[in-house]
Protein chains: 2
Amino acid sequence: MTKPFSSVWLRPPRQPKTSGLSREQIVAAAIELLDTEGLGALSMRKLGAKLGAGATSLYWYVTNKDELLELVLDEMWGEVDLPDPPTTPWREAAGVLAYNLRTTMRAHPWMVELTGRMVSLGPNVLRLNERMRRTFHAAGFSGMDVYFASGTVISYVLGQVVPETTFQRRSDRQPADFDTEGVMRALRDLAGGYPELASDLEQYADTDQEANRAMAFDFGLVCVLDGLAARLSSTDPARPRTPPLPDPR
Amino acid sequence: MTKPFSSVWLRPPRQPKTSGLSREQIVAAAIELLDTEGLGALSMRKLGAKLGAGATSLYWYVTNKDELLELVLDEMWGEVDLPDPPTTPWREAAGVLAYNLRTTMRAHPWMVELTGRMVSLGPNVLRLNERMRRTFHAAGFSGMDVYFASGTVISYVLGQVVPETTFQRRSDRQPADFDTEGVMRALRDLAGGYPELASDLEQYADTDQEANRAMAFDFGLVCVLDGLAARLSSTDPARPRTPPLPDPR
DNA sequence: ACCTGAACACCGTTCAAGT
DNA sequence: ACCTGAACACCGTTCAAGT
């Protein structure tokens, strides 16, 4: 009785445009709207109006809002690029990818929300994944490890950027007069019973918030890459190198 | 002209309940609704009805829906627990936390979406953070590295769980008759031009999807922990151990 | 102090009807 | 083939009014 899984990418696209609107136009307009007003403010009506069309015209190009968002999300993945595998050493390639992904997500904070909502099966995600796999394959990973390694890097970046962008989003437009001071003051109050937390707050009260985030990102990225490198250097198939993990739960 | 930052946690709570509803009740009911119907299906009206109250009664306990969601989210963080710092070695503690967080998020897939939407300043997040910091402090990290190390672990888990749960959510209720077969077939079509991807698909066609995800999670977790361990063992303050990262952008 | 109902300004989506 | 408008069943939130 469940509605079956569906996705734009599993449906043959419309014939080449003969007139009027096009998917590309719609997606472009949607991205513009999302960038300026955020995910919560995107409605089919507004988008239609922006395109000088009736509110419901879009439904001819796209079966519903979710599928429009799938298209838009894949478009974002298209912005992330990865150095060509053979020419670049894996560690550098992975590092560049990580930074590129972070840059793109911060430029379009709504992308993070979307990633938590839609499955990504678009051509741009697939292309990027393919490249990453080739990179890690060339690095010396084999079998499923190729897939696991790519996943590890992407996961880390995504997870790190999530909190960065939620803050961005709360400050809405005009970051200029956003009351970071007030938040910090309030946070300091809340940190009452937590000595470690409080000492952290003191420490990064001095440093620039933005520089701070950059350091945090870099710290973790280095860990992830070091971990991958370690895995790679233990070339023997049986690797008792790392202590076993505790049983989940 | 921006609306200033606001959060439930920055506002003094209502007096102790004298009668009628309570925040705890409301939050509990909301969680129930979210677990059974998902984030998209939670409306103030439905929630009110579930509590046998008028649709708008809730607004006396909570300023708006967003703040209700903040409360609910923090409640989830309360479910994640972390072994007590002094007794457990850091690596094990971090591993357990990672698995616990994954378990909680998979049990409440809407938590992932919320994490991308609200800032987390609730007491449960703060308490957990405090514990993590003590753990990493005891492990030998110092200064901001304590904070960075916790962030790295949490980011990794969050990022890894995001795609896991989007799939869960798409299959909606009744995972029983969800057409995984169909998705796999469709995916195989899409993988046309991507040899690495295609070979991956073949490989994990044999293994159980769920076991697969578990392996992927474990792989990355080991990397992250190895990376942290490496950082820890290079005790000298100047550490030219890792090659510098490429300049962002 | 707590709850209600009506009302406002929105939504996504369907569908018959137009060109 | 493409677009429209009206209509349906929803939203979050405000606010005067009740007890």
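Only a predicted model underlies this, so the values are computations on that prediction, with no experimental measurement involved. A note on names: the letters A, B, ... follow the listed sequences, proteins ahead of strands, and every chain is numbered from 1. Basis for what follows: all heavy atoms, side chains included, without hydrogens, waters or symmetry-related copies.
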| Donor-acceptor contact present, side-chain B:Glu70 to main-chain B:Val8, <3.5 Å | yes

| said: Treating primed atoms plus P, OP1 and OP2 as sugar-phosphate and everything else as base, which nucleotides of nucleotides 14-19 of chain C get B, S or - for protein heavy atoms under 4.0 Å? | reply: B-----

| query | What residues form a salt bridge (charged side-chain N to carboxylate O under 4.0 Å, His left out) with A:Arg188, not counting sequence neighbours? | reply | none

| Taking side chain as C-beta onward, heavy atoms only, is A:Leu58 less than 4.5 Å from A:Leu68? | no

| request: May I ask you to decide if A:Thr152's main-chain N or O and B:Tyr156's side chain share a donor-acceptor pair within less than 3.5 Å? | output: no

| request: Would you check if the side chain of A:Asn100 reaches a backbone N or O of A:Val80 as a donor-acceptor pair within less than 3.5 Å? | output: no

| message | Just to verify, what does B:Phe148 make a ring-ring contact (aromatic ring centres under 6.0 Å, His included) with, not counting sequence neighbours? | response | A:Phe219

| field | Nearest-angstrom distance from the residue atom CH2 of B:Trp60 to P of D:dT13 | value | 18 Å

| request: Keeping to residues at least two apart or across chains, list the side chain to side chain donor-acceptor pair (under 3.5 Å) pairs with something in residues 48-58 of chain A. | output: A:Glu32-A:Lys50

| message | What is the separation between atom NZ on B:Lys65 and atom P on D:dT13, rounded to the nearest whole Å? | response | 8 Å

| said: Taking any heavy-atom pair under 4.0 Å as a contact, classify B:Ala53: base, sugar-phosphate, or nothing. | reply: sugar-phosphate

| task | Compare the minimum distances between each of D:dT4, D:dG12, C:dT13 and the side chain of B:Met44, then state the nucleotide with the smallest one. | result | D:dG12

| query | What is the distance, rounded to the nearest whole Å, between atom CD of B:Glu37 and atom C1' of D:dC10? | reply | 14 Å

| said: Tell me which pairs pass ring pair (Phe, Tyr, Trp, His ring centres under 6.0 Å) where either residue lies in residues 104-132 of chain A, with sequence neighbours left out. | reply: A:His108-A:Trp110

| B:Glu67 CD to D:dG12 P: how many Å, rounded? | 15 Å

| When the distance from CG of B:Leu68 to C1' of D:dT13 is rounded to whole Å, what number comes out? | 14 Å

| message | Using heavy-atom distances to pick each residue's nearest nucleotide on DNA chain D, tell me which of A:Arg45 and A:Ser57 is more 5'. | response | A:Ser57

| task | Scan B:Ser43 against the nucleic acid and name what it touches under 4.0 Å (heavy atoms): base, sugar-phosphate only, or nothing. | result | sugar-phosphate

| task | Report yes or no: does A:Arg45 contribute a side-chain atom to a donor-acceptor pair with the main-chain N or O of A:Ala55 at less than 3.5 Å? | result | no

| A:Leu58 CG to D:dA1 C1', straight-line distance once rounded to whole Å | 16 Å

| task | Take atom CG of A:Leu47 and atom P of C:dC10, then tell me their distance rounded to the nearest Å. | result | 17 Å

| So what stems show up for DNA chain C if we need 3 or more Watson-Crick or G-U pairs in a row, all under 3.5 Å? | C:4-8 with D:12-16, C:12-16 with D:4-8

| remark: Atom NZ of B:Lys46 and atom P of C:dC11 are separated, to the nearest Å, by 20 Å

